[in-house]
Amino acid sequence: MAQGELSDAAMKFVNELEMEMMVDMYNRMTVACQKKCIPAKYKDPDLTKGEAVCIDRCVAKYLEVHDRIGKKLTALSQQDEATMKKLQQQAQGN
Amino acid sequence: MAQANLPSQMQIDAASTSSQFREFLSQYNKITEQCFMACVHDFTTRKVVNEENSCALHCLEKFMKMTNRISQRFQEHQMTTNDALAAATQKANS
């Protein structure tokens, strides 16, 4: 998708969508890292050192997994698109 | 989103493409969360370990194949339902 071809309205839409999706990812990450790192025992209001460190690592890992899945998803989509084009060309050739 | 200058067909296409794209991004976030929960367990490090990496990528591919299969079966089911309905309607009208 060549950015040069997008109209102002389209750019605005893409930016808003990106913000919305980032917020969604952030919320999911919060839920995930809470489940992974914070046991549901609320004797103490403070984060223990272990929990704090776990959260740091959890966030780093979640973001990295998010990136890797994104790259793979892009590759798969491009593969799909190429296959579709091929099939269309074959269909038109007949 | 100012689309008043576009002919109506283009507006409809833009709307459906943009909602498709939004749906795609939503799924991306959902997949990330699910695969992270299922695959990442080692919080002694910030780095994503090899097993976690391959698990996440397998998780993604499996999810994609699963959604494809679900949509195929659903379409088949819809077609059968429509055919049955059409046949019943014809019978009733004749």
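Naming convention: chains lettered A, B, ... in sequence-line order (proteins, then strands); numbering from 1 in each chain. Only a predicted model underlies this, so the values are computations on that prediction, with no experimental measurement involved.
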### Task
Would you please indicate if the ring centroids of His66(A) and Phe36(B) are separated by under 6.0 Å?
no
State, yes or no, whether a side-chain contact exists between [X] and [Y] at a heavy-atom distance under 4.5 Å.
| X | Y | answer |
| --- | --- | --- |
| Glu52(B) | Lys61(A) | yes |
| Thr32(B) | Met29(A) | no |
| Met25(A) | Tyr28(B) | no |
| Thr45(B) | Arg57(A) | no |

When only pairs under 4.5 Å are counted, which of [options] shares the most heavy-atom pairs with chain B?
| options | value |
| --- | --- |
| Val65(A), Val59(A), Val31(A) | Val65(A) |
| Cys58(A), Cys54(A), Ala60(A), Cys33(A) | Cys58(A) |
| Leu17(A), Leu76(A), Asp24(A), Asp56(A) | Leu17(A) |

### Query
Has Met19(A) got more than 12 heavy atoms of other residues, nucleotides or ligands less than 6.0 Å from its CE?
no
### Message
How about CG on Asp44(A), more than 12 heavy atoms from neighbouring residues, nucleotides or ligands closer than 6.0 Å, or not?
### Response
yes
Interface moiety of [X] toward chain B, non-hydrogen atoms closer than 4.5 Å:
| X | result |
| --- | --- |
| Glu20(A) | side chain |
| Asp67(A) | backbone |
| Val53(A) | neither |

### Query
Hey, does the side chain of Lys36(A) reach the backbone of His41(B) with a donor-acceptor pair shorter than 3.5 angstrom?
no
### Message
Looking at Asn29(B) and Met21(A), would you say the former's side chain and the latter's main chain have a donor-acceptor pair under 3.5 Å?
### Response
yes
Please round to the nearest 0.5 Å and tell me the distance separating atom [atom1] of [X] and atom [atom2] of [Y].
| X | Y | atom1 | atom2 | value |
| --- | --- | --- | --- | --- |
| Phe43(B) | Cys37(A) | CZ | SG | 5.0 Å |
| Tyr62(A) | Met37(B) | OH | CE | 9.5 Å |
| Ile69(A) | Glu61(B) | CD1 | CD | 11.0 Å |
| Met22(A) | Leu25(B) | CE | CG | 10.5 Å |

### Task
Please look at Cys35(B) and chain A and tell me whether the side chain, the backbone, both or neither of the residue comes under 4.5 angstrom of a heavy atom of that chain.
side chain
### Query
Is it the backbone or the side chain of Lys30(B) that comes under 4.5 Å from a heavy atom of chain A, or both, or neither?
both
#### Entry: Lys/Arg N to Asp/Glu carboxylate O, Arg46(B) vs Glu64(A), below 4.0 Å
no
### Query
What do the steps show when you test Arg68(A) against Leu60(B) for side-chain contact (heavy atoms from CB on, under 4.5 Å), and what is the final call?
CA-CA 10 Å; Arg68(A) 292 190 192 205; Leu60(B) 168 66; over 6 Å; no
### Query
For the hydrophobic clusters of this structure (ILVMFWY residues joined by side-chain heavy atoms under 4.5 Å, transitively), does one cluster hold both Ile31(B) and Val23(A)?
no
#### Entry: Proximity of residues 69-81 of chain B to chain A, residues having a non-hydrogen atom under 4.5 angstrom
none
